[in-house]
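Beneath this line is the structure, given in structure tokens, with notes to follow.
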Amino acid sequence: FEKNFEWIVNYKNPILFSVGRLVKQKNFDSLINAFYHLRKNKEIKLILVGDGIYYKRLKKLSVQLKLSNDIYFIKESKNINFFLKYSSVF
């Protein structure tokens, strides 16, 4: 298991997963804003794996949108296949 993610194995609702450099060009702001709208109607989680100059900005956005309990930021993982296995959308 990926440390601190044992819950993912038995989680029954959709999990969105994305991996990439957290920079302007990747447009993760839009992903988080779209997730915000999805989250209004459905119990879902978002897992973002990556690091970059937008890391703090995106974490701040998740707090502003009151999503900090639903978005998981992971700077790096050597076990991406674990997340892919349990994700509904990636």
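We count residues from 1, following the sequence as given.
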Of the non-hydrogen atoms in [X] and [Y], which two are nearest, and what is the gap between them?
{"X": "Leu61", "Y": "Ile32", "answer": "CD2-CG2, 3.8 Å"}
{"X": "Tyr55", "Y": "Gly50", "answer": "CD1-O, 4.0 Å"}
{"X": "Pro14", "Y": "Glu43", "answer": "CD-O, 3.8 Å"}

(Q) Around atom NZ of Lys66, are there more than 12 heavy atoms from other residues, nucleotides or ligands closer than 6.0 Å? (A) no

Atom [atom1] of [X] and atom [atom2] of [Y]: how far apart are they, to the nearest 0.5 Å?
{"X": "Ile80", "Y": "Ile74", "atom1": "CD1", "atom2": "CD1", "result": "7.5 Å"}
{"X": "Glu6", "Y": "Asn4", "atom1": "CD", "atom2": "CG", "result": "6.5 Å"}
{"X": "Leu22", "Y": "Asp51", "atom1": "CG", "atom2": "CG", "result": "6.5 Å"}

Do [X] and [Y] have side chains that approach each other closer than 4.5 Å (heavy atoms only, starting at C-beta)?
{"X": "Phe17", "Y": "Val49", "value": "yes"}
{"X": "Phe35", "Y": "Ile44", "value": "yes"}
{"X": "Ile8", "Y": "Lys85", "value": "no"}
{"X": "Phe82", "Y": "Ser77", "value": "no"}

Do [X] and [Y] sit in one hydrophobic cluster, given that two such residues count as connected whenever their side-chain heavy atoms are within less than 4.5 Å of each other, even indirectly?
{"X": "Leu65", "Y": "Phe28", "value": "yes"}
{"X": "Leu46", "Y": "Phe73", "value": "yes"}
{"X": "Ile71", "Y": "Leu58", "value": "yes"}
{"X": "Phe90", "Y": "Val19", "value": "yes"}
{"X": "Tyr72", "Y": "Val89", "value": "no"}

Q: Please work out which of the three classes, parallel, tilted or perpendicular, describes the rings of Trp7 and Tyr11, given edges at 30° and 60°.
A: perpendicular

Q: Please work out whether the ring planes of Phe5 and Phe83 are parallel, tilted or perpendicular, with thresholds of 30° and 60°.
A: perpendicular

Q.
Run the ring-ring contact (aromatic ring centres under 6.0 Å, His included) test against Tyr36 and tell me which residues pass, sequence neighbours left out.
A. none

Q: Kindly state each residue pair satisfying side chain to side chain donor-acceptor pair (under 3.5 Å) with at least one member in residues 12-22, sequence neighbours excluded.
A: none

Q) With Asn33, which residues qualify under side-chain hydrogen bond (donor to acceptor under 3.5 Å, both in side chains), at least two apart? A) none

Q | Trace of the side-chain contact (heavy atoms from CB on, under 4.5 Å) decision for Leu31 with Leu16 | A | CA-CA 10 Å; Leu31 176 61; Leu16 298 125; 5.7 Å; no

Q.
Quick check against the 3.5 Å criterion: does Lys45 have a side-chain atom that pairs as donor or acceptor with the backbone of Asn69?
A. yes

Q) Taking the side chain from Ser88 and the backbone from Ile15, do they hold a donor-acceptor pair closer than 3.5 Å? A) yes

